[in-house]
Amino acid sequence: MTVLQRSRRSVLAAGSVVLAAAGLASGCSVLGPDEPESIKPPDADALRAVARESLDLAARYDDAIAKNSNESARLAPIRDAHREHAAAIGRSLDATVAPSGGAAAASPSASAGSSGPLKALQSAERAAAERATTACLAVASYYAPLIGAIAAARASHAEALS
Amino acid sequence: MAAVVAEHAAIFGYGPVGARLDASTVTLAQAAEAAHRARRDAVVMRLLQRGVKAPVAEAAYALPAPVTDQASALKLAIMIEERTAAIWRAALIDTTGDDRRLAVDGLIDAAIRATRFRKAAGVTPTTVAFPGRLEPN
């Protein structure tokens, strides 16, 4: 609970910084609804699916780094971001998401051939960003900033790899 | 409302930014400014359709730091995109449907542009874990 309460304050703090930076003193509230008392099953499923995909992507980056260590400086922060995404969702769900999801069975190494592993990661990021965007539009508003930020991070990863 | 103001400020910021960039990076700034204009106009239109008067642009916005050369111009461009991302992320909380779509697109596009400018500036890493979260994670 404390994590969620803290994150809610962070949203307020972030909003205030921006408003102050823009020289504003508007009365617009940046606070939305309170944390829901219990997460709805479809939301929990959507969050778990995004988290699983984050862990799958992290594993693909591990694989890519192992095969191409000179790209490690570029790839490691992206891999770490995916792990952070899964962890943040886990905290939101108030439970750890098991890394052994069904989707993990789709081994990335087969698709990431030596010809263009970065290209494969890039298209995986784009597709994953699309799925997180769809999830962001579907979940209760409390979870939308987290899932939206994950969608944006994935899209920016694709840009970073281009 | 906050989003309109943030977009006004972003459009203003790209004036001094564009003036200090070389030919290869100025196109990035021009594209970014055009995107902010389009997004601002889309939000203003949506507010108008609901009979809400959008805030008008100020004559000028305070810049966080002087823009004197390409490096400081790129730094400001990165900051503009990070702050715009934060506004759109906050907007996700109290929107649904088409409005949330507009907000998440605003967040995604700002994050992509921030990465483009970090690349142009040679800033690494070129991405952040949670776009729109301003304080250290």
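Here is how names work: the chains are called A, B, and so on, in the same order as the sequence lines, proteins then strands, and each is numbered from 1. As the structure is a prediction and not an experimental result, all values here were calculated from the model.
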* What heavy-atom pair brings B/Arg100 and A/Val139 nearest, and what distance separates the two atoms? -> NH1-O, 2.7 Å

* Heavy-atom contact with chain B under 4.5 Å, split by part of A/Ala73 -> neither

* Structure fact -> Honestly, the part of A/Ile78 sitting under 4.5 Å from a heavy atom of chain B is side chain

* Connected via hydrophobic side-chain network under 4.5 Å: B/Ile80 and B/Val26 -> yes

* Asked: Do you know which of A/Pro77, A/Ala160, A/Ala158, A/Ala81 has the most heavy-atom pairs under 4.5 Å to chain B?
  -> A/Ala160

* **Short side-chain to backbone donor-acceptor contact, A/His85 and B/Ala129, under 3.5 Å** => yes

When rounded to the nearest 0.5 angstrom, what distance separates [atom1] in [X] from [atom2] in [Y]?
| X | Y | atom1 | atom2 | value |
| --- | --- | --- | --- | --- |
| A/Ser156 | B/Arg116 | OG | CZ | 11.0 Å |
| B/Ile112 | A/Glu159 | CD1 | CD | 6.5 Å |
| A/Cys136 | B/Leu107 | SG | CG | 8.0 Å |
| A/Leu137 | B/Leu92 | CG | CG | 8.5 Å |

* Could you look at B/Pro131 and say if it's the side chain, the backbone, both or neither that has a heavy atom under 4.5 Å from chain A? => both

* To do: Please flag which part of B/Thr126 lies under 4.5 Å from any non-hydrogen atom of chain A: side chain, backbone, both or neither.
  => side chain

* Got B/Phe130 and A/Leu146 here, is their nearest side-chain heavy-atom distance under 4.5 Å? -> yes

